[in-house]
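Note on naming: letters A, B, ... go to the chains in the order of the sequence lines (proteins, then strands), and numbering restarts at 1 for each one.
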Amino acid sequence: MSERLRAELARVAGTFGGDVAFTLERPRDLAHGDLATNLAMQLARRERTNPRAMAERVVAALDLSSARLASVEIAGPGFINFRLAAETLTEDLQRILTEGARYGRSQSGQGRRVNVEFVSANPTGPLHVGHGRGAALGDGIAALLEWTGHTVTREFYVNDAGAQISRLAASLWTRIQQAVGRTAEIPEGGYHGDYLKEAAAELLTREGASFADLDIATGVARCRTAVLVLQRAEQDTTLADFGVHFDVVSSEQWTYDHGDVDAAITRLRIAGLTFEDGGALWLRTSSFGDDRDRVLRKSDGTYTYLAPDIAYHLDKFARGFDHAIDVWGADHHGYIPRMQAALTALGLPAGWLDVALVQLVRVVRGGEEVKMSKRSGDFVTLRDLYEETGVDAARYWFLMRRGDSHLVFDIELAKSRTDENPVYYVQMAHARMSGIFRNAGRAAEDVTGTIALSVLAVEDVDLLKKLTQFPEIVARAAIESEPHRVTTYLDELARMSHGWYHACRVLGEPPEIEHSRLLLARATRQVFANALTVLGISAPDRM
RNA sequence: GCGCCCGUAGCUCAGCUGGAUAGAGCGGCUGGCUUCUAACCAGCAGGUCGCAGGUUCGAGUCCUGCCGGGCGCACCA
């Protein structure tokens, strides 16, 4: 419908002399009609004439015979407002019911393969709240891409090759020694968290007390392997319980072992993108948008993190993805230019890699800041959080705001006053729709037929119009990698639904009204279910 | 010093590629359950959209400069 109108507007714009950028969108205020265009104002701008007069000329030139419109009017500074004929709404409702759980999906992605890498937490300790936000966001972005016809791979990258893993292994070895009653100190820069005490106890139980008597080199090496397996398993379990699953887990160590790092360096050298200075090997990232060159290989012969990261992204590209999205903590924003510079230098398409930043979460407990330091072990884990608030509430909360805005998560509030949590407001709206059918003694799917808009109230029609926005919301959220657009929509829809529920009684009304409202309730319930499903949040039938 | 993000109601935040009278939740105040869940609804109060310029018919939105907050500017990852 809107496509046909847009085409006609473009045709008229052409007759007024060339293409001009104009919008055709739903006005915020329903009183302004169903669709509005600023075309006349854009034309007037170029022609330097009165916008309202231009609007008169545009309206006169429009051929609207094929567009099913109830009215066209000029308003405000020169907007042209269109009101759709009632049949289009009737058809919209049919479409929601027909498409059911698929309503909101589209094929605009045309099967393009997209890799979404997120969380990718170091295996040096439990996942914290910030990882939870990254998990919710990455999973939401991935789901939105699936809903818009992309083929998505969810990927987790493990930094299992760095010096911090060595320190972690040494720290665990210390805990092992302490566990058998010897005095030992956590090494400089080591990890002090209690989770290593638990790991030490577990390891001793499994391997026997003699494990502590191994020589240091062997002991630390075995601690390294053991702690990696342990941490990864715990992260996976924590994420799975949070409803997040990965298709692929990649390893930094693997890129070394597989020769990918050396191969990447060689490629860069052959391409003339590197130079040596001070015994180190540098990459000329400054020629590709970075503000300085970066070291690839230190003068001691070891690589910086950048080398395996480049190798890893090359591997992703080689695996055939049309597009890659990395979800990074905002504290890594400074690395975006150098990574993109490196990939551009190697000839990857511009824009192949997008980075979605997620601001770190400030955790507050009862108004008091909770320090999150892995070293001191004093921090709130993701599991702590969702076991207190529930998975649904935590996921919804993480997705309520834009990823790059600061987020304050007050655990005390979410814990002690869960009725104030917006997710319940939304889920309640869904439960109420389900309740109507429960009370009617029939399944929502069994209510079929055509809605009779003429017998309904303005609240009914406004609710239906809100429902028809859902596909656009999904499409937009997917394009922008912004799942919060869906939570915002859900909140708006919930408000309208609760208002409708009060204003418009369903059961016991005259048959035609009852039937039409049952259809509307069925469609509303469907849209709630779909929107919550995209975000990985449950849609309960009763609360 | 340089770069990125942010600055909107008392608090936490939305505001769709620049549009019409800037919104929601929480908190505050007034009302509302003999009727499909009051985990709800209706209403009221609360704004110099950080400040100052600029572009535009039109700026919370775009540009410039300041101010404030966060983060980053390693041969750490």
(message) Students often get this wrong, so: under 4.0 angstrom with heavy atoms, is A431(A) touching a base, only sugar-phosphate, or nothing?
(response) base
(message) Roughly how many Å apart are rG70(B) and rG31(B), using the C1' atom of each and rounding to a whole number?
(response) 43 Å
(request) Would you please determine if the base of rA20(B) is stacked by F79(A), with stacking meaning a centroid separation under 5.5 angstrom and planes under 30 degrees? (result) yes
(request) Once you apply the 3.5 Å cut-off to both distances, tell me the Watson-Crick or G-U wobble partner of rG53(B), or none. (result) rC63(B)
(request) Find the partner of rC73(B): check Watson-Crick (N1-N3 plus N6-O4 or O6-N4) and G-U wobble (N1-O2, O6-N3) distances, both under 3.5 Å, and reply none if neither fits. (result) rG1(B)
(request) Sticking with atom P, work out how far rU12(B) lies from rG27(B), rounded to a whole angstrom. (result) 15 Å
(message) If I take atom CG in residue L24(A) and atom P in nucleotide rC16(B), what distance separates them, rounded to the nearest angstrom?
(response) 17 Å
(message) Between rC62(B) and rC49(B), how far apart are the two C1' atoms, rounded to whole Å?
(response) 16 Å
(request) Provide the distance between the two C1' atoms, one in rG60(B) and one in rG7(B), to the nearest whole Å. (result) 11 Å
(request) Pick the P atom in rA9(B) and in rA52(B), then give their distance to the nearest Å. (result) 16 Å
(message) How many whole angstroms separate atom CE of M496(A) from atom P of rG23(B)?
(response) 15 Å
(request) Please state the P separation for the pair rC6(B) and rA14(B) - nearest whole angstrom. (result) 10 Å
(message) Would you say the rings of H332(A) and Y335(A) are close, in the sense that their centroids are separated by under 6.0 Å?
(response) yes
(request) Give a yes or no on whether a salt bridge exists between E514(A) and R505(A), defined as a side-chain N under 4.0 angstrom from a carboxylate O. (result) no
(message) Can you classify the ring geometry of F275(A) versus W282(A) as parallel (below 30°), tilted (30 to 60°) or perpendicular (above 60°)?
(response) parallel
(message) For rU12(B) and R402(A) - does any side-chain N or O of the residue sit under 4.0 Å from the phosphate oxygens OP1/OP2?
(response) no
(request) Please give the nucleotide sitting opposite rU35(B) as a Watson-Crick or G-U wobble pair, both distances under 3.5 Å, or none. (result) none
(request) Name the pairing partner of rG68(B), where a pair is Watson-Crick or G-U wobble with both distances under 3.5 Å, or state none. (result) rC6(B)
(message) Using a strict threshold of under 4.0 Å (side-chain N to carboxylate O), is an ion pair present between D541(A) and R438(A)?
(response) no
(request) Look at the side chain of Q42(A) against the base of rG19(B) and say whether a donor-acceptor pair falls under 3.5 Å; ignore hydrogens and angles. (result) yes
(request) Check each residue of residues 325-337 of chain A for a non-hydrogen atom within less than 4.0 Å of any atom in RNA chain B, then write out the ones that pass by number, or none. (result) A330(A), D331(A), H332(A), H333(A), G334(A), Y335(A)
(message) Any salt bridge linking D290(A) with R284(A)? Criterion: basic side-chain nitrogen under 4.0 Å from a carboxylate oxygen.
(response) no
(message) What I want to check is whether an N or O donor and acceptor connect the side chain of T304(A) with the base of rC75(B) at under 3.5 Å.
(response) no
(message) With rounding to the closest Å, how many angstrom separate the C1' atoms on rG1(B) and rG18(B)?
(response) 34 Å
(message) Under 6.0 Å from the ring centre and within 45 degrees of the ring axis: does the NZ or CZ of R133(A) meet both conditions for the six-membered ring of F398(A)?
(response) no
(message) Checking base pairs now: Watson-Crick or wobble, both atom distances under 3.5 Å. What partners rC44(B)?
(response) rG28(B)
(request) Look at the side chain of R505(A) and decide which nucleotide, out of rC5(B), rU37(B), rU35(B), has an atom nearest to it. (result) rU35(B)
(message) What residues from residues 437-446 of chain A pass a heavy-atom cutoff of under 4.0 Å to RNA chain B?
(response) R438(A), N439(A)
(message) Please report the distance, rounded to the nearest Å, between CD in E25(A) and P in rG15(B).
(response) 15 Å
